[in-house]
Undergrad: 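Before I ask anything, let me first share the structure, which is written out below as structure tokens.
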Amino acid sequence: MKSITVGANDAGQRLDKFLMKTFGNLPVSMMYKSIRTKDIKINGKRCQISTRLTEGDVISLYVRDEFLAEAPASYDFMGASRKLEIVYEDENILLLNKKAGLLVHPDDREYRDTLIARVQRYLYEKGEYIPDKENSFTPALVNRIDRNTCGIVMAAKNAAALRILNEKLRAREIRKFYLCIVHGIMDKKEDTLEGYLEKDEEKNRVFVSRRAAAGMRTIRTRYRVLGEKDGFSLLEIELLTGRTHQIRAHLASVGHPLLGDGKYGTNALNRGTGYDKQALCSYRLIFAFSPPPPDAPEEQKMLDYLRGKAFSLEDVWFVPAFWEGISRPRPSRKEGR
């Protein structure tokens, strides 16, 4: 006989689904028969294959030990951390606060512990994502931000939600706002910067120009000055286009690189400030969905409950430090001559 106590991560699942995931050697036909003959019970009582588990339930299995060897985790995402900061969750989407330093997707340096892997593990352990039951879909991120940028990332739990959110992004019906600190004082307190961006895939770097050329894509970046202190500016940015490294490269191209950004700024500028990563956070989302046409298919309406809703991060790590004052790097002897 074997007993299992249901934990928080297993609650909400159907009994049969839980047993199939937990005991890979238990034949499905034997499991169903054992439930019918009361050789598998919950809290000492008869149960059904569709019984939903709750935290603290004790499952008793009067089945031969050879069939109860627990299946080892065989999914790559099970190697990811369980740490997730959830801003909002419903049956279709997740909004997550990604910390600086965490990759959203695997690269050649980090494969296992990424934001998407954490999301997949979270949903798998909740019983909302069962890989063996999916032909092609896996929970996916809708937007991405750089490794050393923090802030809100959207994830879709199902294929329909992913399709809708991707379409809303393309239609500019999801407004994305960032906070950042830049070197220097902006000429205007509010403006929309326009330019052209070219990406160098090999160097993972982009270049911004004020003149169009072959292979370049238009970029538009709106900013508003929230504060100025000690030769730095705190800005709110709205991305009107969403290109790789757009905020970092666009602001650097007009002479105001982000504090802590060594790629598009310079180490000399950042030395002595205490910032070794860019002061940039995706802090606010607005679901500015247009009303669906009356004759739109039901699937297109499934996320309409989000229309007009806004989600923000209350605490952005670099904002208090900005108001307290940022140290200016001291010039070296060579620089001071």
Side-chain angles (χ1 to χ4, degrees), residues 81-89 94-104 113 115 118 143-155 174-191 193 221-239 242 245-252 254-287 309-331:
S81 169
R82 284 193 173 98
K83 291 181 180 178
L84 273 182
E85 186 173 329
I86 297 173
V87 178
Y88 171 82
E89 180 178 9
L94 279 164
L95 300 183
L96 306 150
N97 181 14
K98 186 194 84 69
K99 299 302 183 181
L102 179 66
L103 281 172
V104 292
D113 193 21
L115 182 63
R118 293 185 185 189
N143 62 315
R144 60 180 69 187
I145 56 180
D146 299 337
R147 180 175 200 151
N148 287 325
T149 299
C150 62
I152 301 175
V153 176
M154 297 175 280
I174 300 177
R175 298 177 66 188
K176 295 181 290 182
F177 295 84
Y178 291 71
L179 292 178
C180 68
I181 301 173
V182 299
H183 289 274
I185 304 300
M186 308 300 291
D187 292 336
K188 299 178 180 179
K189 302 307 178 189
E190 189 171 349
D191 198 8
L193 305 176
T221 308
R222 180 179 295 155
Y223 74 84
R224 181 166 63 95
V225 177
L226 301 181
E228 299 169 346
K229 191 175 178 66
D230 300 330
F232 296 94
S233 298
L234 176 66
L235 308 181
E236 181 187 64
I237 303 288
E238 182 177 7
L239 274 182
H245 299 175
Q246 177 178 323
I247 295 173
R248 299 166 63 189
H250 208 174
L251 287 166
V254 296
H256 297 283
L258 269 63
L259 176 62
D261 190 351
K263 176 171 281 194
Y264 295 101
T266 66
N267 290 329
L269 269 178
N270 297 313
R271 190 181 301 120
T273 64
Y275 285 72
D276 58 358
K277 56 182 176 290
Q278 62 262 18
L280 178 63
C281 179
S282 172
Y283 90 109
R284 182 169 171 81
L285 284 177
I286 300 176
F287 291 104
K309 288 190 176 181
F311 299 89
S312 301
L313 300 181
E314 297 301 323
D315 298 311
V316 177
W317 65 272
F318 53 80
V319 172
F322 172 83
W323 294 114
E324 290 169 8
I326 299 166
S327 298
R328 269 290 180 188
R330 295 180 180 179

Undergrad: Going from CZ on R248 to NZ on K263, what distance comes out if it is rounded to the nearest 0.5 angstrom?
TA: 6.0 Å
Undergrad: Out of curiosity, I247 CD1 to D261 CG, how far, rounded to the nearest 0.5 Å?
TA: 11.0 Å
Undergrad: Could you please spell out the steps behind the side chain to side chain contact (heavy atoms under 4.5 Å, CB included) verdict for Y178 and I145?
TA: CA-CA 11 Å; Y178 291 71; I145 56 180; 3.8 Å; yes
Undergrad: Nearest 0.5 Å, please: how far is CG in L102 from CG in D146?
TA: 12.5 Å
Undergrad: Is there a side-chain contact between V319 and C281 (heavy atoms, below 4.5 Å)?
TA: no
Undergrad: Pick one: which of T266, N270, L258 meets side chain to side chain contact (heavy atoms under 4.5 Å, CB included) with H183?
TA: N270
Undergrad: With distance as the sole test, does R147 use its side chain to make a donor-acceptor pair with the main-chain N or O of G101 at under 3.5 Å?
TA: yes
Undergrad: Can you name the side chain to side chain contact (heavy atoms under 4.5 Å, CB included) partners of E190, sequence neighbours left out?
TA: R224
Undergrad: Answer whether the closest heavy-atom distance between the side chains of L234 and W323 falls below 4.5 Å.
TA: yes
Undergrad: Classify the ring geometry between F311 and Y88 as parallel (under 30°), tilted (30 to 60°) or perpendicular (over 60°).
TA: tilted
Undergrad: Which distance, rounded to the nearest 0.5 Å, do you find between the OH of Y275 and the CZ of F232?
TA: 8.5 Å
Undergrad: Answer yes or no: is there a donor N or O on one side and an acceptor on the other, between the side chain of N143 and the main chain of M154, under 3.5 Å?
TA: yes
Undergrad: Look only at the side chain of Y223 and the backbone of K188, and say whether a donor-acceptor pair between them is shorter than 3.5 Å.
TA: yes
Undergrad: With heavy-atom distances below 4.5 Å as the criterion, would you say the side chains of L179 and E236 are in contact?
TA: yes
Undergrad: Whether the side chain of K176 engages the backbone of I152 through a donor-acceptor N/O pair (distance < 3.5 Å, no angle test) should be reported.
TA: no
Undergrad: Is the backbone N or O of G184 less than 3.5 Å from a side-chain atom of S233, with the two atoms forming a donor-acceptor pair by type?
TA: yes
Undergrad: Residues in side-chain hydrogen bond (donor to acceptor under 3.5 Å, both in side chains) with D113, at least two apart?
TA: R118
Undergrad: Rounded to the nearest 0.5 Å, what separates atom CD in Q246 from atom CG in L193?
TA: 9.5 Å
Undergrad: When you measure from the side chain of K98 to the backbone of T149, do you find a donor-acceptor pair of N or O atoms at a distance under 3.5 Å?
TA: yes
Undergrad: To the nearest 0.5 Å, what is the distance between NE2 on H256 and CD1 on I185?
TA: 8.5 Å
Undergrad: If you look only at pairs with a residue in residues 313-322, which of them pass as a salt bridge (Lys or Arg N to Asp or Glu O under 4.0 Å), with sequence neighbours excluded?
TA: none
